[in-house]
Amino acid sequence: MTFTPHGKHLIAGEWIGTEARFADEPAFGPVHEFSMGTVDLVNRAAQAAEEAFWSYGQASREARAAFLDVIADEIEARAEAITDIGSRETGLPEARLQGERGRTTGQLRLFADHIRKGDYLDRRVDPALSDRQPAPRPEIRMIQRPIGPVAVFGASNFPLAFSTAGGDTAAALAAGCPVVVKGHSAHPGTGEIVAEAVHAAIAKTGIHPGVFSLIQGGRRDVGHALVQHPLIKAVGFTGSLSGGRALFDLCAARPEPIPFFGELGSVNPMFVMPHAAQARAEDLGKGWAASLTLGAGQFCTNPGIAVITDGADADRFVAATRDALAQVGPQTMLTDGIARAYREGKQRFEARSAVTPVVSTDSQGRQASPNLYETTAEAYLQDHALGEEVFGPLGLVVRVRDAGEMERLARGLNGQLTATIHMDDADLEAAQKLLPVLERKAGRVLVNGFPTGVEVVDSMVHGGPYPASTNFGATSVGTLSIRRFLRPVSYQNFPKALLPEDLV
Ligand code: NAP
């Protein structure tokens with residue numbers, strides 16, 4: 001099935017075209033034109049979202065859960081067309097898009113069940129103490145309430161699960177917050193068809209149409225106007241450190257600053273402990289190469305750095321990684337710009353005398369082939385650029401002298417989404433010493449695995465100290481992510497009839 005986008009914005013239930021257009025950059029197939037976003041559309045969408053909030057924010061949990069379920073059904077009803085346009089726009093294989101669609105509908109249904117259960121409300125009741133001296137205490141109850149309209153920016157590498165109806169949108173809608181999505185210019189047609197699914201769900205459930213708008217991008221001032229709009233009360237963002245930081249700063253500089261939940265990049269270090277290296281250096285090298293090149297390395301959880309004690313086991317580990325990477329051919333990247341940035345990242349490594357190439361490839365156009373480098377802990381700690389994410393299949397081995405230097409290196413790390421320990425039983429003592437450092441650095445710590453997959457569950461933390469995210473108290477994946485779009489309100493001395501339905 002071939003999907004041909006009409007190229008319009010969805011503003012509060014109406015498909016609207018604008019005169020200025022931009023073209024998408026598909027990996028293959030026809031190019032399509034899309035209406036460019038405008039500041040006026042941002043205004044209209046934000047006002048409609050505010051109007052919708054008065055009913056949607058007060059709607060029953062069951063009404064919101066049913067809405068989320070119907071969005072998931074409507075996405076499934078468009079399954080083939082979504083895969084068609086998604087694979088053309090991003091170059092991702094069809095199987096990957098099918099899997100991501102399942103993850104997206106799974107997230108929507110997970111949030112529907114989560115709000116039906118109601119635990120997320122964190123209800124607290126302190127009964128009245130009418131005989132307390134010297135003054136009686138009134139009854140105080142507390143509950144989490146939705147915060148108001150939320151702006152959502154998705155990332156290029158998850159055109160479904162971290163985009164139009166992805167995790168941020170699902171969490172905000174579940175909380176009771178209307179959403180204004182700034183469409184990603186790397187997959188505007190995919191954004192459009194997913195918005196059609198949300199539009200259909202709004203019509204079927206009778207929800208206020210202002211609860212969801214999609215403004216296609218094309219111009220940076222659209223995103224700037226959105227995060228600065230006075231009716232927007234929080235931003236969910238998934239993307240690069242530079243883009244996230246620019247929008248975070250705008251949020252902080254507003255007359256009324258608002259929270260900016262930015263999920264950014266990370267190099268996701270792996271620490272290979274000595275006994276594990278001795279026992280299975282080859283397997284670890286092969287496993288790393290597979291994780292590093294999955295999806296052309298275009299994952300925020302890509303393990304870009306392996307830290308290992310120098311010596312014969314490290315040599316075996318590097319050789320196995322090198323040999324496995326040699327089997328991986330060029331892969332198509334998400335956009336021309338990302339392919340260009342990957343080549344620039346590679347040049348950054350090759351320009352440094354303290355960095356030795358192990359695998360050095362040339363990539364053309366939108367293709368990327370793996371690259372592997374080596375350096376020392378000393379060089380790594382002195383050079384901040386070596387700790388910056390290169391989005392793509394590029395790995396760096398950092399050789400340390402001993403456990404002490406491994407720990408010093410860990411202490412010098414920036415905030416990370418993940419940190420991994422590869423260990424055997426005999427490595428336990430060394431791992432115990434490393435863990436308190438890694439807990440301070442990363443949102444998720446793994447043992448004997450690779451961090452690329454992120455489970456959507458209650459216990460997942462996908463976040464971490466800056467620059468992995470802009471808010472270390474939050475996660476963007478799993479049910480806990482709903483907390484970003486809620487705030488606690490206390491109700492003191494309330495008659496039952498006036499209490500919110502969920503608090504009675
Ligand atoms: P991106 O270039 O930052 O784009 C994300 C969104 O932000 C797009 O809508 C983009 O608009 C907008 N944007 C970027 N810079 C902006 C600026 N200066 N002003 C206003 N808007 C701006 O990121 P990407 O290339 O899509 O995604 C790749 C990055 O995302 C990687 O670094 C990856 O690690 C990270 N990522 C993180 C997670 C996570 O959960 N932590 C998950 C996936 C990806 P345009 O449409 O106009 O470009």
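Just so you know, ligand 1 is whichever comes first in the structure, and atom 1 is the first atom listed for that ligand. The structure presented is a predicted model; accordingly, all values stated were derived computationally and were not measured.
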Review point. Ligand 1 versus Ala246, non-hydrogen atoms closer than 4.0 Å: side chain, backbone, both, neither?
Key: side chain

Study note, to complete from the structure: Heavy-atom proximity to atom 32 (O) of ligand 1, picking from Glu263, Glu389, Lys182, points to Glu389

Check your understanding: Quick one: does ligand 1 sit under 4.0 Å from the side chain of Gln298, the backbone, both or neither, non-hydrogen atoms only?
Key -> neither

Point to revise | Non-hydrogen side-chain atoms of Val397 and Trp288 separated by less than 4.5 Å | key: yes

Practice item. Please could you name the atoms of ligand 1 that Ser185 approaches to less than 4.0 Å, counting only its heavy atoms? Key: 45 (P), 46 (O), 47 (O), 48 (O)

Study note, to complete from the structure: Residue set satisfying ring pair (Phe, Tyr, Trp, His ring centres under 6.0 Å) with Phe260, at least two apart, ordered chain then number -> Phe237

Study note, to complete from the structure: For Ala155, the atoms of ligand 1 under 4.0 Å from one of its heavy atoms are 26 (O), 27 (O), 43 (C), 44 (C)

Review point. By number and element, which atoms of ligand 1 are closer than 4.0 Å to a non-hydrogen atom of Leu417?
Key: 41 (N)

Point to revise | Proximal atoms of ligand 1 relative to Phe162 (non-hydrogen, under 4.0 Å) | key: 40 (O)

Exercise for review: Count the heavy atoms of every other residue, nucleotide or ligand shown that sit under 6.0 Å from CZ of Arg411, and state whether that count exceeds 12.
Suggested key: no

Revision key, fill the gap. Taking every heavy atom of Ala174 against every heavy atom of Phe111, the minimum-distance pair comes out as CB-CB, 3.9 Å

Study note, to complete from the structure: Of all heavy-atom pairs linking Phe271 and Ala410, the shortest is CZ-CB, 3.9 Å

Review point. Between Phe299 and ligand 1, which residue portion shows a heavy-atom distance shorter than 4.0 Å: side chain, backbone, both, or neither?
Key: neither

Check your understanding: Looking just at side-chain N and O atoms, do Gln216 and Ser35 make a donor-acceptor pair shorter than 3.5 Å?
Key -> no

Practice item. Quick one: closest heavy-atom pair of Trp15 and Glu192, and the distance? Key: CH2-O, 3.8 Å

Practice item. Would you indicate whether Glu33, at its atom CD, is surrounded by more than 12 heavy atoms from other residues, nucleotides or ligands within a distance under 6.0 Å? Key: yes

Review point. Is Gly239 in contact with ligand 1, taking contact as a heavy-atom separation below 4.0 Å?
Key: yes

Exercise for review: Can you sort out the partners of Ile16 under side chain to side chain contact (heavy atoms under 4.5 Å, CB included), two or more places apart, ordered by chain and number?
Suggested key: Ile11, Glu14, Leu41, Arg44

Check your understanding: What atoms in ligand 1 come closer than 4.0 Å to a heavy atom of His184?
Key -> 4 (O), 5 (C), 8 (C), 9 (O), 24 (P), 26 (O), 46 (O)

Practice item. State, to 0.1 Å, how close Leu92 and Pro159 come at their nearest heavy-atom pair, and which atoms those are. Key: CD1-CD, 3.9 Å

Practice item. Considering the heavy atoms of Ser156, write down every atom of ligand 1 situated less than 4.0 Å from one of them. Key: 24 (P), 25 (O), 26 (O), 27 (O), 28 (C)

Point to revise | salt bridge (charged side-chain N to carboxylate O under 4.0 Å, His left out) evaluation trace for Arg340 with Asp336 | key: CA-CA 6 Å; Arg340 218 170 19 249; Asp336 295 345; 5.8 Å; no

**Study point:** Any Gly154 heavy atom less than 4.0 Å from ligand 1
**Key:** yes

Review point. Which is closest to atom 48 (O) of ligand 1 by heavy-atom distance: Arg220, Gln216, His187?
Key: Arg220

Exercise for review: Answer side chain, backbone, both or neither: which part of His224 comes under 4.0 Å from ligand 1, heavy atoms only.
Suggested key: side chain

**Study point:** Under 4.0 Å to a heavy atom of Asn157 - the qualifying atoms of ligand 1, by number
**Key:** 43 (C), 44 (C)

**Study point:** Leu247 contact mode with ligand 1 (heavy-atom cut-off under 4.0 Å)
**Key:** side chain

Check your understanding: Any side-chain heavy atom of His462 within less than 4.5 Å of one from Leu417?
Key -> yes

Practice item. Using a strict cut-off of 4.0 Å, indicate which atoms of ligand 1 neighbour a heavy atom of Gly243. Key: 14 (C), 15 (N), 16 (C)

Exercise for review: Compute the shortest N/O to N/O distance between Ser242 and ligand 1 and return yes if it is under 3.5 Å, no if not.
Suggested key: no

Check your understanding: For ligand 1, which part of Leu264 has a heavy atom less than 4.0 Å away: the side chain, the backbone, both, or neither?
Key -> backbone

Revision key, fill the gap. Closest to atom 38 (C) of ligand 1 by heavy-atom distance, out of Gly183, Gly166, Ser469, Cys300, is Cys300

